[in-house]
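Given the structure is predicted, the values throughout are model-derived calculations rather than measurements. Order of listing sets the numbers, starting from 1, for every ligand and every atom in it.
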Amino acid sequence: MIKKIEHLGIAVKDLSASIELYEKLFQTKCYKIESVESEGVKTAFFKIGESKIELLEASKPDSPIAKFLEKKGSGFHHVAFETSDIDSEIQRLINEGFELIHQTPKDGADNKRIAFLHPKAVDGLLLELCQEKSA
Ligand code: ZN
């Protein structure tokens with residue numbers, strides 16, 4: 001089941017400059033910086049009340065984020081929804097005919113298992129499913 005928006009992802013060209021910018025904007029410190037090698041991305045997370053923002057910078061020139069930045073520039077990138085059971089949610093969406101980028105969950109940042117739907121499956125929206133890894 002999809003439970004709530006877990007975070008919004010924003011693509012940035014220069015992570016340290018953007019961390020400074022968002023720290024000023026939100027008046028709060030970024031609580032985590034983490035690289036996800038498999039995705040070629042370096043992330044920084046902010047918590048604002050109940051909401052979370054993820055900044056994403058490319059760490060490899062051929063990563064999906066690098067291609068996104070090249071095509072569209074910095075700005076809104078994806079919305080992530082928390083699921084209670086990502087495996088069964090993926091299966092349900094496949095059965096409903098949705099095209100997924102990841103048909104099996106993979107390790108994402110911030111202690112999550114994640115899977116992305118293909119933007120063309122969701123009106124051009126890049127949608128991430130995630131589930132907190134159990135300790
Ligand atoms: Zn995300």
So which of the N, O or S atoms of [X] lies nearest the Zn ion (ligand 1)?
{"X": "Glu54", "result": "OE1"}
{"X": "Glu128", "result": "OE1"}
{"X": "His78", "result": "NE2"}

Practice prompt. Examine His7 and say whether one of its N/O/S atoms is closer to the Zn ion (ligand 1) than 2.8 Å.
Written response: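 Checking His7: at least one N, O or S atom is under 2.8 Å.
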NZ of Lys42 to CD1 of Ile33, rounded to nearest 0.5 Å, is 6.0 Å
Margin query: Whether the side chain of Ser59 engages the backbone of Gly40 through a donor-acceptor N/O pair (distance < 3.5 Å, no angle test) should be reported.
Written below: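 Between the backbone of Gly40 and the side chain of Ser59 there is a qualifying donor-acceptor contact (under 3.5 Å).
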Exercise. How about Thr83 and Asp85: do any of their side-chain heavy atoms sit closer than 4.5 Å?
Worked result: no
Exactly one of Asp110, Leu8, Thr43 clears side-chain contact (heavy atoms from CB on, under 4.5 Å) with Glu54, and that residue is Thr43
